[in-house]
Amino acid sequence: MNLTYIKDSFEQLKSEGLENAVARLRLQGFEAFEQTGLPTRRNEEWKYTGISGLFDNPAYLAADTPEAQPESAIVDAVRLPGHLQANELVFVNGRFSPMLSTIRSPKSQLTVLPLEEAAKGSYKELVMEHLGKSSASIRDGVHALNTSFIQEGVFIHVAKGQLLRQPLYLYHISDARQGPVLAQPRSLVIIGENTTMQLVETYHTLGPSDSFTNQVMEVVLDKGARLEYYKIQEDAVTASQVSTTHIRQIGNSFVHAVTVTLNGGIIRNNMQVVMEAPESEAHLYGLYILNGHTHADNHTLVDHTQPNCLSNEYYKGILDGQATGVFNGKIMVRPDAQKTNAYQTNKNVLLGDDATINTKPQLEIFADDVKCSHGCTVGQLDENALFYLTARGIPKADARVLLLQAFALDITEQVKPEPLKKYITRLISERLSKQSL
């Protein structure tokens, strides 16, 4: 595999100098990338997902992408419900665009800065303390590649004691109208003590060419902080992504995360929560509804390092066509994490003979006073329930949709903001209706 174009692009970026900490972190990332290379199926963590083919053809990198911004009408078309009452951050080809973004919360509550600017200013110590900590948990070449090209990322800080009433919407737009794109957005989110925040991410590709988004978001929660996090993946079949969300609970805090995957090419979601403070709590939910040749891989890690913490994971999948799904969930309980409660469930419905699911729940427990469980199921649509509905005059296609919507309800009900829940429910209904035709 010829990755010369990646090295050439990095050399161009490195020529800017190593005078700041972000540039030095880039260099460390590229050295790690050269040592590890891209993951293959020989790597246990990537056994069911091959991404090397995504790098076969040179693509625009962040350093090479043209400066042109999408038209405002295109950005308007991807806005989420309630956007007029939200803070909106736009990334174009992996680079944060202040010009297209709108911050509606007062500066006393919310700070949003280009990452390099934050690393040089009054937030320098905070950035250097937390930026790059995800590398301790994720040591593969894809993650290192993102670190190598940290450029025009974003720094988000919610001030101590603030109830952030306006949610934060992140729109990731890949402009592939002129050719293939490799976008690598990087975000650092610091949520201060006793604060509340809603964060939503979406992904959209423009144009017919392939796009690959290699994203890393690092989130840090301090004492008493509460985070609602939602990720919606409804992109083109030519759009692939590796999306890493790494959450550290450095104070006793609360995390509620929902990932909804509906369409795309090859999708890999790395959702990691590291509980670094006693009495922390995390709930992770996921729903993947796949058709065609879409491949979605959900890798989760909940790392209990301190006592008296609670985690719960619940992922559900519906697969049809020749789609493939992967769920690999790991719960790690360290020796000091006594009184841990950790639960994990994965349930799947296969609608066609050619659909495939690989599910692998894992427990690694090094403490003796814990309550932990995990389990998975794979099955087909309940024919008795389908017969019951059709016998009462409901067309078979509509009956299938009703049953599948009921199956998905456990996850969609976890979307707390009502406008967002209605939006996701509509996307799911449209998706299921197409699959039932």
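Of the possible polar contacts, one joining the Asn214 side chain to the Val142 backbone as a donor-acceptor pair under 3.5 Å is found. Proximity of a side-chain donor or acceptor of Gln249 to a complementary backbone N or O of Val220 within less than 3.5 Å is not detected. Distance alone, capped at 3.5 Å, is enough to place a donor-acceptor pair between the His256 side chain and the Gln414 backbone. One N or O on the side chain of Thr390 and one on the backbone of Phe387 form a donor-acceptor pair closer than 3.5 Å. With Glu218 contributing its side chain and Lys133 its backbone, the two residues share a donor-acceptor pair below 3.5 Å. Of the possible polar contacts, none joining the Asp235 side chain to the Gly264 backbone as a donor-acceptor pair under 3.5 Å is found. A distance-only check finds no donor-acceptor pair linking the side chain of Arg268 to the backbone of Asp297 [under 3.5 Å]. With hydrogens and angles ignored, the 3.5 Å screen pairs a side-chain donor or acceptor of Ser101 with a backbone N or O of Val90. At distances below 3.5 Å, not a single donor-acceptor pair connects side-chain atoms of Asn270 with backbone N or O atoms of His299. No donor-acceptor pair under 3.5 Å is formed between the side chain of Thr49 and the backbone N or O of Trp46.
No more than 12 heavy-atom neighbours from other residues, nucleotides or ligands sit within 6.0 angstrom of NZ on Lys47.
When each of Ile51, Val242, Thr324 is tested with Ile266 by the rule side chain to side chain contact (heavy atoms under 4.5 Å, CB included), just one qualifies, namely Ile51. The side chain to side chain contact (heavy atoms under 4.5 Å, CB included) test with Leu287 singles out one residue from Ile428, Asp410, Thr261, and that residue is Ile428. The side chain to side chain contact (heavy atoms under 4.5 Å, CB included) test with Glu201 is passed by exactly one of Tyr171, Tyr230, Phe91, Tyr229: Tyr229.
Looking at every heavy atom in both residues, Gly141 comes nearest to Phe33 through O-CD1, 3.3 Å. Of all non-hydrogen atoms in Phe10 and Arg26, the two that sit nearest each other are CE1-O, 3.8 Å.
For Arg334 and Phe366, the positive end is not near the middle of the six-membered ring at less than 6.0 Å and at most 45° from its axis. Taking the ring centre of Phe407 as origin, the terminal cationic atom of Lys347 falls outside the region bounded by 6.0 Å and 45° from the ring axis.
Atom CG in Asp320 sits 5.0 Å away from atom CG in Asn291 (nearest 0.5 Å). In this structure, the separation between CG on Leu170 and CD on Glu88 is 10.5 Å, given to the nearest 0.5 Å.
For the 3.5 Å distance criterion, the side chains of His130 and Arg248 qualify, holding a donor opposite an acceptor. Neither side chain, Thr202 nor His172, offers a donor N or O lying under 3.5 Å from an acceptor on the other.
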Pair Thr238, Ser211 - check side-chain contact (heavy atoms from CB on, under 4.5 Å), show working.
CA-CA 6 Å; Thr238 56; Ser211 72; 5.6 Å; no
